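Since this is a predicted model, take the numbers as computed values, not measurements.
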Amino acid sequence: MAEDTIIRAFRDDDLEALVELSLRAWEPVHASLRQVLGDDIDLRLHPDWKVSQADEVRSACSNDERDVFVAMMDGKPVGFIAVGLNAFHQGMGVIDIIGVDPDYQRRGVGSELTQFATEHMRRRGMDIAVVETGGDPGHQPARATYEASGFTLLPIARYFRLLD
């Protein structure tokens with residue numbers, strides 16, 4: 001386990017700290033997406049990415065169909081993961097969202113959360129785990145974490161074009 005990491009169930013009073021850390025964690029990811037998509041498409045998809053990201057985290061953490069866990073270090077939340085059971089297919093668990101505070105990245109927190117989530121899925125009767133992430137440079141650390149955790153990549157191409 002990452003140094004002194006405790007993973008526990010989400011509590012309502014964690015929410016704003018998780019929103020805040022997710023905005024900092026996704027800032028370079030969003031910059032990468034914007035570079036890949038270009039300003040016009042990115043602004044169309046994400047007119048205010050911070051509002052969208054905050055809403056996504058709040059939704060995942062308050063969704064009764066998600067099990068949410070928080071990584072704690074130094075007495076504060078430093079990461080989180082939301083898991084859906086029987087998602088997409090009976091017996092399939094999905095990592096819906098995961099985030100690690102940039103100040104705590106590269107310490108194994110994301111790997112520990114991923115391992116915890118897959119063990120949770122197994123205990124709850126799932127026999128397949130799935131997670132999705134971007135193929136852009138900003139998502140490379142996430143891809144490395146999932147591959148190191150034993151996930152198999154299924155390449156999927158998604159193309160964007162702004163219509164005049």
So, do Leu23 and Trp49 sit near enough that their side-chain heavy atoms are less than 4.5 Å apart? yes
Look at Glu20 together with Arg24 and state whether they make a salt bridge at an N to O cut-off of under 4.0 Å. yes
Flag side-chain contact, heavy atom, 4.5 Å: Gln53 against Arg58: no
Quick one: are the ring centres of Phe69 and Phe10 less than 6.0 Å apart? no
At what distance, to the nearest 0.5 angstrom, does OG1 of Thr145 lie from CD of Gln105? 9.0 Å
Just how far is it from atom CZ of Arg158 to atom CD1 of Ile156, taken to the nearest 0.5 Å? 8.0 Å
Is Arg8 salt-bridged to Asp14, cutoff N-O under 4.0 Å? yes
Taking the side chain as C-beta and beyond, is there a heavy-atom pair between Arg44 and Asp39 under 4.5 Å? no
Take Cys61 and Val57 through the test side-chain contact (heavy atoms from CB on, under 4.5 Å) and record every step on the way to the result. CA-CA 6 Å; Cys61 290; Val57 171; 4.2 Å; yes
Give a yes or no on whether Asp48 atom CG has more than 12 heavy-atom contacts from other residues, nucleotides or ligands under 6.0 Å away. yes
Tell me the closest heavy-atom pair linking Ile97 and Ala60, and the distance in Å. CG2-CB, 3.6 Å
With side chains defined as the heavy atoms from C-beta onward, is the minimum distance between Asp127 and Arg122 less than 4.5 Å? no
Test Thr114 against Phe151 for side-chain contact (heavy atoms from CB on, under 4.5 Å), laying out the working first. CA-CA 10 Å; Thr114 301; Phe151 284 83; 3.8 Å; yes
Are Phe116 and Ile128 co-members of a hydrophobic cluster defined by side-chain heavy atoms under 4.5 Å apart? no
Distance col, row Met73:CE vs Ile7:CD1, nearest 0.5 angstrom, shows 10.5 Å
Are Leu45 and Leu162 in one and the same hydrophobic cluster, where Ile, Leu, Val, Met, Phe, Trp and Tyr link if side-chain heavy atoms are under 4.5 Å apart? yes
Per-pair distances, 0.1 Å, donor-acceptor, side chain in residues 79-86, under 3.5 Å, sequence neighbours excluded:
unit_1: Asn86; atom_1: OD1; unit_2: Gln90; atom_2: NE2; d: 3.3
unit_1: Asn86; atom_1: OD1; unit_2: Gly91; atom_2: N; d: 2.8

Is the closest side-chain heavy-atom distance between Thr152 and Tyr146 below 4.5 Å? no
Are Val70 and Leu15 linked, directly or through other ILVMFWY residues, by side chains that come within less than 4.5 angstrom of each other? yes
Quick one: closest heavy-atom pair of Ala129 and Met121, and the distance? CB-SD, 3.5 Å
Please give me the minimum heavy-atom distance between Val29 and Ala25, naming the atom from each residue. CG2-O, 4.1 Å
side-chain contact (heavy atoms from CB on, under 4.5 Å) evaluation trace for Met126 with Met92: CA-CA 5 Å; Met126 303 299 103; Met92 180 181 288; 5.6 Å; no
Dump the intermediate steps for salt bridge (charged side-chain N to carboxylate O under 4.0 Å, His left out) on Arg107 and Glu112, then the final yes or no. CA-CA 10 Å; Arg107 295 188 190 186; Glu112 290 300 320; over 6 Å; no
Could you check if a side-chain atom of Val78 sits within less than 4.5 angstrom of a side-chain atom of Leu21, using non-hydrogen atoms only? no
Where is the tightest heavy-atom contact between Leu113 and Ile98, given as atom of each residue plus distance? CB-CD1, 4.0 Å
Taking the side chain as everything from C-beta on, heavy atoms only, tell me whether Met72 gets closer than 4.5 Å to Thr5. no
Count the heavy atoms belonging to other residues, nucleotides or ligands that lie under 6.0 Å from CD of Glu132, then report whether that count exceeds 12. no
Give a yes or no on whether a salt bridge exists between Glu119 and Arg124, defined as a side-chain N under 4.0 angstrom from a carboxylate O. no
Rounded distance [0.5 Å steps], CZ in Arg66 versus CD1 in Ile95: 11.5 Å
The reported gap from NE2 in His120 to CD in Gln115 (rounded to nearest 0.5 angstrom) is 13.5 Å
Can a salt bridge be assigned to the pair Asp101 and Lys76 using a cut-off of 4.0 Å between side-chain N and carboxylate O? no
Show the nearest heavy-atom pair for residues Pro141 and Gly138, with the distance to one decimal. CD-O, 3.7 Å
Step-by-step side-chain contact (heavy atoms from CB on, under 4.5 Å) determination, Arg143 to Leu153: CA-CA 9 Å; Arg143 291 191 307 274; Leu153 173 65; 5.5 Å; no
Hey, could you give me the CG/CD1 distance between Asp74 and Ile6, rounded to the nearest 0.5 Å? 10.5 Å
Which atoms form the tightest heavy-atom contact between Pro137 and Val36, and what is the distance? CD-CG2, 4.1 Å
Sub-4.5 Å side-chain heavy-atom contact between Lys50 and Trp26: no
Please check if atom CZ in Arg106 has more than 12 non-hydrogen atoms from other residues, nucleotides or ligands closer than 6.0 Å. no
